[in-house]
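Labels below follow one simple rule: chain letters A, B, ... track the order of the sequence lines, proteins then strands, and each chain is numbered from 1. Every heavy atom of this structure was used, including side-chain atoms; hydrogens, water molecules and symmetry mates were not.
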Amino acid sequence: MPWAIRSFMPSIKIVDLNNSEIKNSLKLAAQLMELHGENPFKTRSYVSAADVVGGLDAELSTLSTDEILAIDGIGKGMATNISGLLERGSFDNLDKYMEMTPAGVVEMLGISGFGPKKVAVLWQEGGAETLEQLMELCLQGKVASLKGFAEKSQETLKAAVAFLISNQYKEKYGNIDQAIANLVSAIDGLKEVQSCSESGQMRRRMEVIDLVEIVVAAEDLDALRTSLNALQVLSEEEKKSGPTTWYGRHVGIKAPLKLHLTSPDKFVQRLVETTGSVRHINMPIADQVTIKSSLIRPFESEEELYQSLGMKYIVPELREGLKEIEWAKNDQIPALIEMSDLKGILHNHSTYSDGKHTLRQMAEHCQQLGYEYLGISDHSQTAVYAGGLQDADVARQQEEIKQLNEELAPFKIFSGIESDILADGSLDYSEEILSSFDFIVASVHSGLNMDIKKATDRLLKAIYNPHTTILGHMTGRLLVQREGYPVDHKAIIEACAETGVVIEINASPYRLDMDWRWIDYALEKGVKLSINPDAHRMDGYQDMYYGLQVARKGGLTAKDNLNSMSLPEITAFFEQKKKKK
DNA sequence: GCCGTTTTCGGCCCGACTGTTTTCAGTCG
């Protein structure tokens, strides 16, 4: 899967836009131009400029105008657009088309499977200017009679619009964690503030956030509110605020923001109350006792509170109201995996397919970060769009891996492939080629709208293929953006238990797939997991952090995580798996 | 809008898939 993720609303930034934001803005402009029937070649130039920007090494914000003009695919006009984006977050042509297009129509462009041409029909023929109007049109059955549409696309559209409407005010954790960290430190820096911490879903490391919560302690709450409202990134919705809450928005973030204002002596109580899920704080601990019912006196620390209830301390990411209270009461909280437990990085791409950096760059960077090994798994031949490897490329890559391994020892590169799981569940190469790899990540990249039976059978066949080492991004979901294909999680996990296939926790903040809610069941069945970044560039390794957060939520420990194995251990693991064939 | 050029115009990328057609347009990776 290429790294490019469609994002249609350029986020509003106070600072310079980065390349991926510039890329998204150019892509959006291209879509709007196509929507309005602009010259297709002109439109294409925006698309290709966007692709070029996406593949750049250096951030555009660090380049001079001459350097930008020297980039292949960027001419005078595009350079002007880019400098507009860098200076004010937009450019004239984009502004022009945005003004001509209702906001709801712009959102429609985000529906997968429906491009500018189809959206133009929905808008101009169907008269839909908002998502709600489009839903109405679907419900009345009027979409099916529009040119180029029929019953089936009406149904698809209805589901997609419902998904979009339900995700309108949600954000991926990885999209906003930096901005929220900045906000917390800005609030913490206000002169009135004594303590400040994120809480709620953010602190629990939920993969999708629909409410950002922060607890702020100060003696003078009126003065605090005045200072908060002076922060440029915030805008209060006074009607929804209360005497001890500030409710409103952070610029550029779709999820609403709730600040809990409290006196310093009640800070810990407020933090515990707002961090845990409703289930967690109301879960019975003893007769008539819950965490919520215990928050009646001040505590020095959260540790003190949990201790006072005869429990071990529960880290925020576990406070979901699942098994954690039971664990804490019986001193059975798992030793959750930590960053330092990750010994190597599996499932990565290089320039052999659609990665941005060479095999050598990917390997050397991995080594510099202190890891013992790298598993490279470029796309397989069916993934033509991603430059998937033909047989000859596989041989060439394996030869280079051999040479690099001699040079970089004791660091080791494992030769793998991200083999497409074809529609019938088979893998993408001959037996001979499949046998030549150290490990194989099997993933679905096409035919994403199968029903649960077909999709599950397809995965099962891939799992029972003796060559499969790891099952990649199990459901194909893109958080807040695309629902995954439906699968029978239990059946898949049980098949992995039987075959020894490892289940990936795809660490990309766009995916975080398999969902952490299934980790417990996988562990119960004795299945190993692997936190894999699916990196398409060197800095993609950083996504391991996000995978780690959700892995901890699911209760994963180092001993059940594949890439926590040392180099000798994982070498033996791969060899063992190959022998079983 | 970009690029290259026998330099100021004329050409510009692809293969598979899907759902809609009745031979193909739109979308995507």
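Using atom P as the reference point in both B:dC13 and B:dT22, the two lie 30 Å apart (nearest Å). Between B:dT5 and B:dG1, the two P atoms lie 23 Å apart (nearest whole Å). When the C1' atom is used for both B:dA16 and B:dG11, the distance is 26 Å, rounded to whole Å. Nucleotides B:dT20 and B:dG26 place their P atoms 14 Å apart, quoted to the nearest Å. Look at the P atom in both B:dG15 and B:dT21: the space between them is 26 Å, to the nearest Å. For the C1' atom pair drawn from B:dC14 and B:dC9, the interatomic distance equals 26 Å after rounding to whole Å. Only the C1' atoms considered, B:dT23 is 15 Å distant from B:dT18, to the nearest whole Å. B:dC17 and B:dT6 are spaced 40 Å apart, taking the P atom of each and rounding to whole Å.
Near DNA chain B, meaning a heavy atom under 4.0 Å from it, residues 69-83 of chain A has A:Ile71, A:Asp72, A:Gly73, A:Ile74, A:Gly75, A:Lys76, A:Gly77, A:Met78 in order of number. Residues from residues 119-139 of chain A placing a heavy atom under 4.0 Å of any atom in DNA chain B do not occur.
Between the side chains of A:Asp488 and A:Thr456, no donor N or O sits under 3.5 Å from an acceptor N or O.
In summary, of the residues considered (A:Val550, A:Asp543, A:Asp177), a side-chain contact (heavy atoms from CB on, under 4.5 Å) with A:Pro509 occurs for A:Asp543 alone. A side chain to side chain donor-acceptor pair (under 3.5 Å) with A:His347 is found for exactly one of A:Asp534, A:Asn532, A:Asn506, namely A:Asp534.
The nearest whole Å value for the distance from the NE2 atom in A:His536 to the P atom in B:dG29 is 12 Å. The nearest whole Å value for the distance from the CG atom in A:Leu478 to the C1' atom in B:dC28 is 13 Å. Between the C1' atom of B:dT18 and the CE atom of A:Met450 lies a distance of 13 Å, rounded to the nearest Å. B:dC3 atom P lies 15 Å from atom CZ of A:Arg44, rounded to whole Å. When the P atom of B:dT18 is taken as reference, atom CD1 of A:Ile111 falls 19 Å away, rounded to whole Å. Taking atom NZ of A:Lys27 as the reference point, atom P of B:dT27 lies 15 Å away to the nearest angstrom. Protein atom CD of A:Glu38 is 7 Å distant from nucleotide atom P of B:dG1, rounded to whole Å. Atom pair A:Lys117:NZ and B:dC24:P shows a separation of 16 Å (rounding to whole Å applied).
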Using distance only, find each side-chain donor-acceptor pair of residues 388-397 of chain A under 3.5 Å and give its atom names and separation, not counting sequence neighbours.
from	atom 1	to	atom 2	distance (Å)
A:Asp393	OD1	A:Arg396	NH2	3.3
A:Asp393	OD2	A:Gln390	N	2.8
A:Gln397	NE2	A:Asp378	OD2	2.8

May I have the list of side-chain donor-acceptor pairs in residues 156-166 of chain A shorter than 3.5 Å, sequence neighbours left out?
from	atom 1	to	atom 2	distance (Å)
A:Thr156	OG1	A:Lys152	O	2.9
A:Lys158	NZ	A:Glu155	OE2	3.4
A:Ser166	OG	A:Ala162	O	3.4
A:Ser166	OG	A:Phe163	O	2.9

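Geometrically, A:Lys172 does not engage A:Tyr510 in a cation-pi contact defined by less than 6.0 Å to the ring centre and at most 45° from the axis. Under a cutoff of 6.0 Å and an axis angle of 45°, A:Lys577 and A:Phe439 do not form a cation-pi pair.
Look at B:dT8: it lacks any Watson-Crick or wobble partner with both distances under 3.5 angstrom.
Of the candidates B:dT27, B:dC12, B:dG1, B:dT27 carries the atom nearest the A:Glu34 side chain, counting heavy atoms from C-beta on.
Relative ring orientation between A:Phe437 and A:Tyr429 is described as tilted, the plane-to-plane angle lying within the 30° to 60° band.
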Using a cutoff of under 3.5 Å, can you pull out all pairs of nitrogen or oxygen atoms linking the protein to nucleotides 19-22 of chain B, with atom names and distances?
from	atom 1	to	atom 2	distance (Å)
B:dT20	OP1	A:Ala150	N	2.8
B:dT20	OP1	A:Ala150	O	3.4
B:dT20	OP1	A:Ser153	N	3.3
B:dT20	OP1	A:Ser153	OG	2.5

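With sequence neighbours excluded, the residues forming a side-chain hydrogen bond (donor to acceptor under 3.5 Å, both in side chains) with A:Asp57 are A:Lys356, A:His357, listed by chain and number.
Under the 3.5 Å distance criterion, the side-chain polar atoms of A:Ser426 are left unmatched by any main-chain donor or acceptor of A:Leu422. Side-chain N or O atoms of A:Asn348 include none that pairs as donor or acceptor with a backbone N or O of A:Ile376 at under 3.5 Å.
Ring-centre distance between A:Tyr97 and A:His36: below the 6.0 Å cut-off.
Between A:Gln403 and A:Arg360, every side-chain heavy-atom pair lies at or beyond the 4.5 Å cut-off.
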